[in-house]
Participant: 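Here it is, the structure, as structure tokens.
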Number of protein chains: 2
Amino acid sequence: MPLPVHPARGYARAVPKPGVDPTVQLELSVDRGSPVPLYFQLSQQLEAAIEHGRLTPGSLLGNEIELAGRLGLSRPTVRQAIQSLVDKGLLVRRRGVGTQVVHSQVKRPLELSSLYDDLESAGHRPATRVLVNTVVPVSPEIAAALGVAEGSDVHRVERLRLAHGEPMAYMTNYLPLGLLDLDTRQLEATGLYRLMRAAGITLHSARQTIGARAAGATEAERLGEERGAPLLTMQRVTFDDTGRTVEFGTHTYRPDRYSFEFQLLVRS
Amino acid sequence: MPLPVHPARGYARAVPKPGVDPTVQLELSVDRGSPVPLYFQLSQQLEAAIEHGRLTPGSLLGNEIELAGRLGLSRPTVRQAIQSLVDKGLLVRRRGVGTQVVHSQVKRPLELSSLYDDLESAGHRPATRVLVNTVVPVSPEIAAALGVAEGSDVHRVERLRLAHGEPMAYMTNYLPLGLLDLDTRQLEATGLYRLMRAAGITLHSARQTIGARAAGATEAERLGEERGAPLLTMQRVTFDDTGRTVEFGTHTYRPDRYSFEFQLLVRS
DNA sequence: TCAATCCGCATGTCCGGACAATGGGACTAT
DNA sequence: ATAGTCCCATTGTCCGGACATGCGGATTGA
């Protein structure tokens, strides 16, 4: 490049370099008449563009000011949209550089999901067999986990989860009384979490432990395994957004038919 | 105040009800001379107050406007501080009601952490024995997982992790060449993630699979187990913030000595 | 006594602007 | 060539204000 001598303090305007992706042109638009928040409309469109490859990994998003001007939005609104995608792990911001699409195939981060929903969305035709659905006095351990008084009663539900007709998980759950009524037919038609949401319970968080152990005689038989076979185990305590403990569960999985898969994000 | 009868449309000022926690008085302050962002100073103080019980679960935080005025900050700044704690699961906002501290004992959510750091912070005196530290040509599977060309070479590291002198995990890791140099002494002194961070790699996300299986003869011996004993397994692919794959690992754990424990938040 | 209605409160959304801080490239001097 | 310096682009932080929206309690009416 000949680089003509420039007068003092004069810089040549940066030319888009062939190797580097310039600002991507996208058809973005927002509907001010919609009740959907503007930042949400924008973040959804950006997410869809990433999903469909219209925004390629590594490409810059164009600076916020210009993007805001192009859409007729303010910068805070644009920033709010971008921030939500950064939180999802789809974008990375670098001060002085810009915002770019993350290369790797980011799926969804680990979320508090029900086994039933996971199987269903994976096309596994889940089925549930409710084996026990009663009310029992709590043991000291369960009382501690659920945070209820030691003499009280709780729901006890034992279910066998099948996929493609084969047993996959054996699940024992305890729930405080009065939160929701556990109808066996409903329990066989859907998952526990969906019932809780339908009952107006807003799930907030859960504490989980995943481990493994050898199958005992009875639990081996439940899952169609041999005694001593390895089992994948999960224990979970779930809280709603008021802080109440809404569920405690102990699950065992056949490891040849189920494993936990998820994506983690670094919180920085 | 004797509360004189008010004219039409006049409502008596709400008196703090004895049963409900009123707005909590806290000593909060920000230092405008500090380079630490104001919203971050505030969120840290709030988090510390929750941690130490000065903000009790269920108590209201006081409305944002008043809080901003008391601290001499603007509402957006206060909101940013509060939002970061909501994202951490420590606070819950309800429109028309206020922001309150979550009841349950929220620990930290699941983060992309190293086994070494976890053990160390739990006071388990972790030790590492590096068994293999070489460069090998990739197998097709590893090449696919790491996203490198099929003829190329990669680092291969095999380590045995001990806690209290007992074997707990056997870890095999593959890394692309050129990212960092793997010194065996350093690998025995700390964890792999810490080495990566020290080499200027910014971790972004990881894809994990947790399962279980019966131990084969050789892996049983490595962990001091019997053949056929249940093992907890984990596979992980880690990406940095530029989208590069920086590590692929296959780990096996003795389930009587290790399990995965974490907290999940519902993303709403 | 109970249901419908109204109203205030607190958060949710959005705007327009200002200055700071950082990363990288361009230029300069060695 | 190489190291150092300067400047610029872009995001980070912060402000003050405005209106919208949903929840809950108090009032009102049947």
Side-chain angles (χ1 to χ4, degrees), chain A residues 1 3-17 19-20 22-23 30 32-43 60-69 71-84 86 91-100 200 202 241-242 268, chain B residues 6 8-17 20 22-23 30 32-43 60-69 71-84 86 91-100 200 202 241-242 268:
Chain A
M1 182 61 96
L3 269 189
V5 179
H6 276 281
R9 291 298 93 93
Y11 285 92
R13 200 60 207 81
V15 187
K17 294 172 193 161
V20 182
T23 297
V30 291
R32 298 196 94 93
S34 164
V36 179
L38 300 177
Y39 77 89
F40 194 75
Q41 294 183 36
L42 177 54
S43 73
L60 289 174
L61 203 59
N63 76 55
E64 299 167 348
I65 310 270
E66 186 264 348
L67 190 55
L71 287 165
L73 298 174
S74 69
R75 184 153 90 110
T77 302
V78 172
R79 275 183 70 79
Q80 194 173 1
I82 291 177
Q83 187 59 47
S84 71
V86 171
L91 298 177
V92 179
R93 316 175 94 141
R94 269 182 245 277
R95 164 183 325 206
V97 178
T99 305
Q100 48 185 332
T202 308
D241 62 352
T242 69
S268 52
Chain B
H6 277 282
R9 294 292 96 93
Y11 285 91
R13 203 60 207 78
V15 187
K17 294 172 194 161
V20 182
T23 295
V30 292
R32 297 195 94 94
S34 164
V36 179
L38 300 177
Y39 78 89
F40 193 75
Q41 294 183 36
L42 176 54
S43 72
L60 290 174
L61 203 58
N63 75 54
E64 299 167 347
I65 309 271
E66 186 265 347
L67 191 55
L71 286 165
L73 298 174
S74 68
R75 182 154 92 109
T77 302
V78 171
R79 276 182 69 79
Q80 193 173 2
I82 291 177
Q83 187 59 47
S84 70
V86 171
L91 298 177
V92 178
R93 317 175 93 139
R94 269 182 246 275
R95 156 174 350 200
V97 178
T99 304
Q100 48 186 330
T202 309
D241 62 352
T242 70
S268 52

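Chain letters run A, B, ... following the sequence lines, proteins first, then strands; residues in each count from 1.
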Participant: Taking atom P of C:dG12 as reference, at what distance in whole Å does atom CD of B:Q83 sit?
Facilitator: 7 Å
Participant: Rounded to the nearest angstrom, tell me the gap between atom CD1 in A:I82 and atom C1' in D:dG12.
Facilitator: 13 Å
Participant: What pair of heavy atoms forms the shortest contact from B:Q41 to B:V36, and how long is it?
Facilitator: NE2-O, 2.9 Å
Participant: Kindly say whether A:L91 contributes a backbone atom to a donor-acceptor pair with the side chain of A:Q100 at under 3.5 angstrom?
Facilitator: no
Participant: Rounding to a whole Å, what distance do you find between A:L73:CG and C:dG16:C1'?
Facilitator: 13 Å
Participant: Report, one line per pair, each donor and acceptor closer than 3.5 Å where one atom sits in a side chain of residues 71-78 of chain A; sequence neighbours left out.
Facilitator:
residue: A:S74; atom: OG; partner: A:T77; partner atom: OG1; Å: 3.1
residue: A:R75; atom: NH1; partner: A:E64; partner atom: OE1; Å: 2.5

Participant: A:L38 has an atom CG; how far is it from atom C1' of C:dC14, in whole Å?
Facilitator: 7 Å
Participant: Given D:dT11, D:dC14, C:dG16, identify the nucleotide with an atom nearest to the side chain of B:T77.
Facilitator: D:dC14
Participant: Of A:V97 and A:V36, whose nearest nucleotide on DNA chain C comes first from the 5' end?
Facilitator: A:V36
Participant: Taking atom P of C:dC19 as reference, at what distance in whole Å does atom CZ of B:R32 sit?
Facilitator: 15 Å
Participant: Could you tell me which residues satisfy salt bridge (Lys or Arg N to Asp or Glu O under 4.0 Å) with A:R94, sequence neighbours excluded, listed by chain and number?
Facilitator: B:D241
Participant: Between D:dG12 atom P and A:R94 atom CZ, what is the distance in whole Å?
Facilitator: 11 Å
Participant: Between A:R93 and C:dT22, is there a side-chain N or O to OP1/OP2 distance below 4.0 Å?
Facilitator: no
Participant: Measuring from A:L42:CG to A:R79:CZ, what's the distance to the nearest 0.5 Å?
Facilitator: 13.0 Å
Participant: Can you find a pair of side-chain heavy atoms, one from B:I82 and one from B:L61, that are under 4.5 Å apart?
Facilitator: yes
Participant: Both A:P76 and A:T99 contact DNA chain D. Which one's nearest nucleotide lies toward the 5' end?
Facilitator: A:T99
Participant: Compare side-chain N and O positions of B:Y39 against OP1 and OP2 of D:dC14 and report whether any pair is under 4.0 Å apart.
Facilitator: no
Participant: Looking at every strand, decide which applies to B:P37 at a 4.0 Å heavy-atom threshold: base, sugar-phosphate, or nothing.
Facilitator: sugar-phosphate
Participant: Between D:dG16 atom P and B:E64 atom CD, what is the distance in whole Å?
Facilitator: 16 Å
Participant: To the side chain of A:I65, which of C:dG16, D:dC15, D:dT11 is closest?
Facilitator: D:dT11
Participant: Can you tell me how far P of C:dA10 sits from CG of B:L61, to the nearest Å?
Facilitator: 12 Å
Participant: Under 3.5 Å, which N/O atoms of the protein pair with N/O atoms of nucleotides 18-21 of chain D?
Facilitator:
residue: D:dA18; atom: N6; partner: B:R75; partner atom: NH2; Å: 3.3
residue: D:dT21; atom: O4'; partner: B:R95; partner atom: NH1; Å: 3.0
residue: D:dT21; atom: O2; partner: B:R95; partner atom: NH1; Å: 3.3

Participant: Look up atom CG in A:L67 and atom CG in A:N63, then write down how far apart they are to the nearest 0.5 Å.
Facilitator: 8.0 Å
